[in-house]
Amino acid sequence: MDGTPQGKSLPPRTVEVMTRLEQHIPTVPDELVLHLLRRRGDDLSDNELVRLIGLAGERFLSTILTDAMQIAKRKQSLSAKERRQLGYAVATGRKDASKTVLLSEDVAEALQEFGISVRTAPYFVNH
C-alpha cells in the first residue's frame with residue numbers, strides 16, 4: 001500500500017518530497033519518534049509519517065538551538081556590568097573569551113519565545 005487514496009495520484013512535487021524523505025538520514029531516529037508516539041498512545045504504522053514527524057522535531061530543535069546560540073552571543077558581547085544589570089551570570093577567569101558557551105539559561109530563554117517555560121531544579125544554586 002503506497003498511502004495514496006484509491007484512484008488518485010499524488011502531485012509530482014509531493015512524490016518528490018516523499019522520495020527525498022525516504023532518503024533523508026534523520027537526526028532524530030525513527031525509533032525514538034515511535035517510542036514517544038507510543039507513550040502518548042499513538043501507534044503509527046506509516047513509516048513516512050513517522051519520518052515526517054521526526055523531521056518536524058528536528059526542525060524545532062534546530063530553531064531552538066539557533067535562537068539560544070544567538071542569545072548566548074548577544075550576552076557575550078555585553079560588558080560584565082551590563083550582564084549583571086540584566087540579571088545574567090558573569091563568568092570570571094575564562095581562558096578563551098572568543099568561544100561561545102551555550103548555557104541552559106540561554107536555551108530556557110529561547111524556549112520562552114515559544115511559550116515553553118523551564119524551571120531550574122531546586123538543587124541548582126545561582127552563582
Side-chain angles (χ1 to χ4, degrees):
M1 180 147 232
D2 62 357
T4 59
Q6 285 184 333
K8 294 188 177 184
S9 62
L10 294 172
R13 183 76 175 129
T14 304
V15 172
E16 179 186 344
V17 168
M18 298 307 274
T19 302
R20 285 186 177 194
L21 193 60
E22 289 173 4
Q23 297 169 352
H24 175 72
I25 299 171
T27 303
V28 179
D30 294 341
E31 293 80 15
L32 176 61
V33 175
L34 276 170
H35 171 73
L36 294 172
L37 287 170
R38 286 185 184 130
R39 278 186 53 193
R40 284 194 34 87
D42 297 319
D43 192 19
L44 292 178
S45 59
D46 187 358
N47 292 336
E48 293 169 340
L49 186 56
V50 170
R51 180 70 55 95
L52 194 58
I53 291 170
L55 188 61
E58 183 179 325
R59 173 72 172 123
F60 180 70
L61 288 172
S62 173
T63 302
I64 295 295
L65 292 174
T66 300
D67 290 353
M69 278 305 285
Q70 289 174 352
I71 290 168
K73 287 178 181 178
R74 184 183 69 227
K75 285 184 355 186
Q76 185 180 6
S77 69
L78 298 173
S79 70
K81 182 179 178 182
E82 290 171 322
R83 276 185 255 171
R84 255 188 246 105
Q85 288 173 344
L86 292 173
Y88 295 125
V90 179
T92 57
R94 284 186 56 195
K95 293 179 183 176
D96 189 2
S98 65
K99 290 185 181 179
T100 303
V101 178
L102 186 62
L103 302 174
S104 59
E105 66 184 29
D106 302 329
V107 176
E109 191 173 332
L111 285 168
Q112 279 182 336
E113 295 175 11
F114 290 90
I116 301 170
S117 62
V118 177
R119 292 182 300 211
T120 305
Y123 48 82
F124 286 119
V125 178
N126 290 337
H127 300 305

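We're numbering straight along the sequence, starting at 1.
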Measuring from [X]:[atom1] to [Y]:[atom2], what's the distance to the nearest 0.5 Å?
| X | Y | atom1 | atom2 | answer |
| --- | --- | --- | --- | --- |
| His35 | Arg38 | NE2 | CZ | 9.5 Å |
| Leu21 | Asn47 | CG | CG | 10.5 Å |
| Gln76 | Thr100 | CD | OG1 | 4.0 Å |
| Asp106 | Met69 | CG | CE | 8.5 Å |
| Lys73 | Ile71 | NZ | CD1 | 12.5 Å |

Under-4.0 Å salt bridge between Arg51 and Glu48: no
Glu109 bridged to Arg74 by N-O distance under 4.0 Å: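 Result for this pair is yes, salt bridge flagged.
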For the hydrophobic clusters of this structure (ILVMFWY residues joined by side-chain heavy atoms under 4.5 Å, transitively), does one cluster hold both [X] and [Y]?
| X | Y | value |
| --- | --- | --- |
| Leu37 | Leu32 | yes |
| Val107 | Phe114 | yes |
| Leu34 | Leu49 | yes |

Exercise: identify the closest heavy-atom pair between Ala110 and Ala68: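 Closest approach of Ala110 to Ala68: CB-N, 3.7 Å.
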Nearest non-hydrogen partners of Val50 and Leu44, listed with the distance: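 So the two residues come closest at CG2-CB, 4.0 Å.
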Close side-chain approach of Ile53 and Leu36, heavy atoms under 4.5 Å: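 Not touching, per the 4.5 Å side-chain cut-off.
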Side-chain heavy-atom pair Leu102, Leu65 within 4.5 angstrom cut-off: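 In short, these two side chains touch, coming nearer than 4.5 Å.
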Donor-acceptor under 3.5 Å (Ser62 side chain, Glu58 main chain): no
Side-chain donor/acceptor of Asp67 to backbone N/O of Ile64, under 3.5 Å: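 No; judged by distance alone, with no hydrogens or angles, the pair does not exist.
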